Amino acid sequence: MPAAATTHASTHDTTPLDRGLDALISLQRDDGSWEGECVWNPMLAAQYAIASHIMKQRLSQERRRGLLTQFRVTRHRSGLWGLHPHDEGNLYVTTLVYVAARILGAPAETAWLKDARHLFATERVERIPTWGKVWLAALGLYDWDGVNPIVPEAWALPNWIPLHPSNYYCHTRQIYLGLAVLFGRRFIAERKPVINELENELYGERFARVPFARYRNDIRPEDAPFSAGPALRAVFAVARAYDRVHSRRLRRSLTTRLVDDMRAHLDASDYLGLSPVNGLLIMLALWAENPEDPHLERARSRFEDWFWEDANEGSRVAGAGSVCWDTAFALQALSEVARVDCSEPISRSAAFLASQQVATADYDYQAAHRIQPDGGWCFSEVGHGWPVSDCTAEALIGLLRTRPEAIGKENAARAARFMLRCQNRDGGFGSYEPAKTRFPLEWMNPAEMFGRCMTERSYVECTASCLIALCDLRRHYPDLMRVRLDGAIDRASALLRRVQNDDGAWDAAWGVHFIYGTMFGVRGLLAAGVPPTDAHVRDACGWLLSQQRSDGGWGEDYTSGPRRGYVQASQASVIQTAWALITLIEADEPDRRAIDRAAAWLEQRQQPSGLWEGDEFVGVFFETALLNYRLYRQYFPVMALALNHRADRGPDSGRRLS
């Protein structure tokens with residue numbers, strides 16, 4: 001839960017920009033940071049409740065009520081739970097929420113659980129995706145024979161083999177680290193009476209007769225857009241054959257080693273773990289190995305940092321912590337405003353960001369299959385210990401454009417070196433690290449619900465962010481790493497040109513979808529010195545203008561990404577309109593009427609408080625996991641209106657920060 005924000009009083013209340021800016025500053029914390037909740041779905045809260053039950057962790061009445069409130073208010077109008085608000089009903093999320101609610105004490109007859117009970121009567125729970133099978137198996141509500149093998153021995157393969165888990169995307173490999181230990185031990189929690197009741201509620205009277213092994217690859221189609229293909233099923237068959245004859249001594253040795261690796265990962269992340277998803281699995285794996293493990297209690301304590309709580313929405317687990325990410329963009333928004341009273345908030349924000357740069361690793365990052373983290377910024381706080389290329393870039397951009405003295409030349413160089421370590425051979429940038437293998441691994445995706453999650457690749461957003469930051473750095477320190485920076489910038493710029501779509505838009509990986517990718521593509525090229533008259537830039541602006549709605553706003557549906565084509569949403573979006581407006585203004589779009597209509601649309605939707613309200617799930621990862629970054633709706637509109645204000649005043653208006 002975030003610290004209290006600083007109260008900011010101002011007499012500037014005459015324009016939407018002033019009101020938006022004052023509202024943004026009012027959300028700044030005492031330490032100079034900003035952080036908005038990163039909303040996903042109740043899956044994590046459900047897993048937390050289940051894990052606490054397994055680990056015999058007694059939850060307070062307040063926490064139990066808060067979790068039940070979260071489950072109740074996140075129900076879709078269908079009465080079920082999904083991966084996001086547009087998902088009318090997902091067997092995986094619904095099952096976990098139902099099980100968690102019952103464990104927390106909600107009676108089976110609870111009114112808001114009746115639609116879930118109806119789903120279980122019409123859809124076989126046996127067809128839940130694999131990650132759901134694992135959670136149920138750990139409770140004794142599924143048979144481990146019905147789970148495709150997640151063998152610990154995969155970690156004993158030579159690292160140079162592309163199939164080695166160290167080559168997976170870091171979130172995927174951290175998740176499968178925990179799953180491998182739980183599968184390897186066939187862990188089943190101590191049985192309690194509520195589990196007997198859940199057997200009947202989930203399966204009726206058929207539980208004892210269910211041939212679970214037949215359901216290894218039988219997943220409810222609505223839950224499995226990325227179900228296993230023939231090649232992966234063949235791999236599973238080989239793994240099953242091996243699992244029947246494996247050496248118990250070798251497996252015991254390997255699970256012990258993997259548990260040691262987990263402890264090292266926890267220590268390197270100040271016991272937060274990479275994410276709450278893998279954090280819960282690691283805690284369960286530690287419990288399975290030794291319920292008295294001292295690392296376990298520290299991990300439980302730090303897990304509280306993922307929580308957000310209030311009376312209306314209850315207790316929920318955020319999809320991620322975003323303090324450095326949010327602070328970097330809020331600082332950049334302030335940097336576009338020529339107001340004297342922004343100086344103090346800017347200084348405090350810059351001081352906070354400068355304090356969050358990752359220091360030299362005090363652990364063996366190579367043994368952890370990671371790149372050197374020195375010099376980077378995390379999405380979350382510095383203690384998290386997992387720096388990201390674009391988080392580093394956006395923090396550096398904010399600092400260089402406001403208070404470069406807060407970071408200094410040497411620390412700026414450290415940031416650049418971290419970003420360069422993330423650059424791929426094709427010139428693009430990965431997120432946490434560069435791609436580790438050119439061997440295609442997506443066919444091995446065993447998650448069923450999520451796509452493009454097996455390896456790092458070059459992302460438009462990460463590439464553009466790093467490109468802007470490196471160009472800012474080169475401009476600020478012309479003699480710093482000049483040869484390396486010139487080469488990296490040229491290769492990144494070329495990559496952005498190559499991957500632009502024929503219609504002028506760019507695909508995104510971390511936002512919905514073409515509007516987000518196009519904002520980064522255009523900003524990256526402009527930073528690299530491509531003139532606004534360049535065909536790539538003009539094509540992008542032409543595409544954006546073609547998607548502007550009659551009301552002046554933009555709204556893109558989340559299905560654009562999976563469908564690989566633009567789908568207009570039913571209504572315009574504050575955040576997406578701000579993204580489009582930022583892009584057009586920075587690209588010197590001559591169609592002022594289109595820009596004025598967009599700015600007017602944003603201004604009309606601002607609340608008297610200066611805030612923009614409404615939950616917009618326009619963040620995304622792994623193609624199907626939609627996120628609502630709650631501060632996006634504040635700093636991106638402020639940035640858009642500030643840029644428009646400067647454009648109205650003419651090219652010589654400049655920035656005036658103090």
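Values in this document were obtained by computation on a predicted structure and should not be read as measured data. Throughout, residue positions are numbered sequentially from 1 according to the sequence presented.
Aromatic rings from Tyr363 and His265 are positioned such that their centres are separated by 6.0 Å or more. Taking the six-membered ring for Trp and the full ring otherwise, the centers of Tyr169 and Phe622 sit less than 6.0 Å from each other. Aromatic pair Tyr566/Trp543: ring centres closer than 6.0 Å.
Nearest heavy-atom pair, Ala587 versus Cys541, reported as atom, atom and distance to 0.1 Å: CB-SG, 3.4 Å. Of all heavy-atom pairs between Cys324 and Trp377, the closest is SG-CD1, 4.0 Å. Closest heavy-atom contact between Gln357 and Ala415: NE2-N, 3.7 Å.
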message: Pair Phe429, Tyr459 - check ring pair (Phe, Tyr, Trp, His ring centres under 6.0 Å), show working.
response: CA-CA 6 Å; Phe429 286 75; Tyr459 306 100; over 10 Å; no
- request: Mind running salt bridge (charged side-chain N to carboxylate O under 4.0 Å, His left out) on Glu37 and Arg316 for me, showing each step along the way?
  value: CA-CA 10 Å; Glu37 183 178 357; Arg316 60 267 187 201; 2.8 Å; yes
message: Before you tell me yes or no, could you show the steps for Ser343 and Arg403 under side-chain hydrogen bond (donor to acceptor under 3.5 Å, both in side chains), namely the whole-Å CA-CA distance, both residues' side-chain angles and the distance that decides it to 0.1 Å?
response: CA-CA 10 Å; Ser343 179; Arg403 299 290 186 268; 3.1 Å; yes
field: Stepwise ring pair (Phe, Tyr, Trp, His ring centres under 6.0 Å) test for Tyr558 and His513
entry: CA-CA 7 Å; Tyr558 77 97; His513 173 79; over 10 Å; no
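Under a 4.0 Å N-O distance rule, the pair Arg523/Glu586 qualifies as a salt bridge. Ion pair Lys409/Asp479 flagged as a salt bridge, since at least one NZ, NE, NH1 or NH2 atom sits closer than 4.0 Å to an Asp/Glu carboxylate oxygen. The residues Asp305 and Arg302 are annotated as salt-bridged, a charged nitrogen and a carboxylate oxygen being separated by less than 4.0 angstrom. Between Asp18 and Arg339 a salt bridge is recorded (basic side-chain N to carboxylate O distance below 4.0 Å). The residues Glu394 and Arg401 are annotated as not salt-bridged, no charged nitrogen and carboxylate oxygen being separated by less than 4.0 angstrom. Taking the charged nitrogens against the carboxylate oxygens, Arg421 and Glu433 have no contact shorter than 4.0 Å, which rules out a salt bridge. In this structure, Asp486 pairs ionically with Arg474, as a charged nitrogen and a carboxylate oxygen lie closer than 4.0 Å. Note on Arg593 versus Asp596: no salt bridge recorded, every NZ/NE/NH1/NH2 to OD/OE distance being 4.0 Å or above.
Counting heavy atoms from C-beta outward, Asn424 and Glu456 have side chains that stay 4.5 Å or more apart.
Within 6.0 Å of atom CZ in Arg425, 12 or fewer heavy atoms from other residues, nucleotides or ligands are found, so the atom counts as exposed in its surroundings.
The cationic group of Arg370 lies under 6.0 Å from the six-membered ring centre of Trp386 and within 45° of the ring axis, placing it in a cation-pi geometry.
Checking side-chain atoms of Gln28 against main-chain N and O of Thr327 turns up no donor-acceptor pair under 3.5 Å. Put simply, the side chain of His384 gets close to the backbone of Gly273: a donor and an acceptor are under 3.5 Å apart.
The list of salt bridge (Lys or Arg N to Asp or Glu O under 4.0 Å) pairs with a residue in residues 524-552, not counting sequence neighbours, reads Arg497-Asp534, Arg538-Glu589, Arg549-Asp551.
Remark: Trp40 engages Phe621 in a ring-ring contact (aromatic ring centres under 6.0 Å, His included) (not counting sequence neighbours). Qualifying ring-ring contact (aromatic ring centres under 6.0 Å, His included) partners for Phe617, counting only residues two or more places apart in sequence or in other chains: none.
The side-chain contact (heavy atoms from CB on, under 4.5 Å) with Val460 is formed by just one residue from the set Val499, Asp507, Thr518, Leu495; it is Val499.
Ring geometry, Tyr516 versus Trp579: the interplanar angle falls from 30° to 60°, so the pair is classed tilted.
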